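Fair warning: this is a prediction, and the values are worked out from it, not measured in the lab.
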Amino acid sequence: MGKRNPKQHQLNSNEPTHNLKGTFIAVMLLGVVILVSWFGFYALFLSR
């Protein structure tokens, strides 16, 4: 462990950013599935 080289830090800052669009869509779909199942069970509870 030593001091970071300023040139190395500049090289690391030029790395491409990760695209998290797919992760966001997957999380939104999971949320929709959870909400739909919750309302389905709630409707089932009210009908009984």
Who passes side chain to side chain contact (heavy atoms under 4.5 Å, CB included) against Y42, sequence neighbours left out? W38, L46
Side-chain donor/acceptor pairs under 3.5 Å, residues 26-34, sequence neighbours excluded:
none

Please enumerate all residues that pass ring pair (Phe, Tyr, Trp, His ring centres under 6.0 Å) together with F24, with sequence neighbours excluded. none
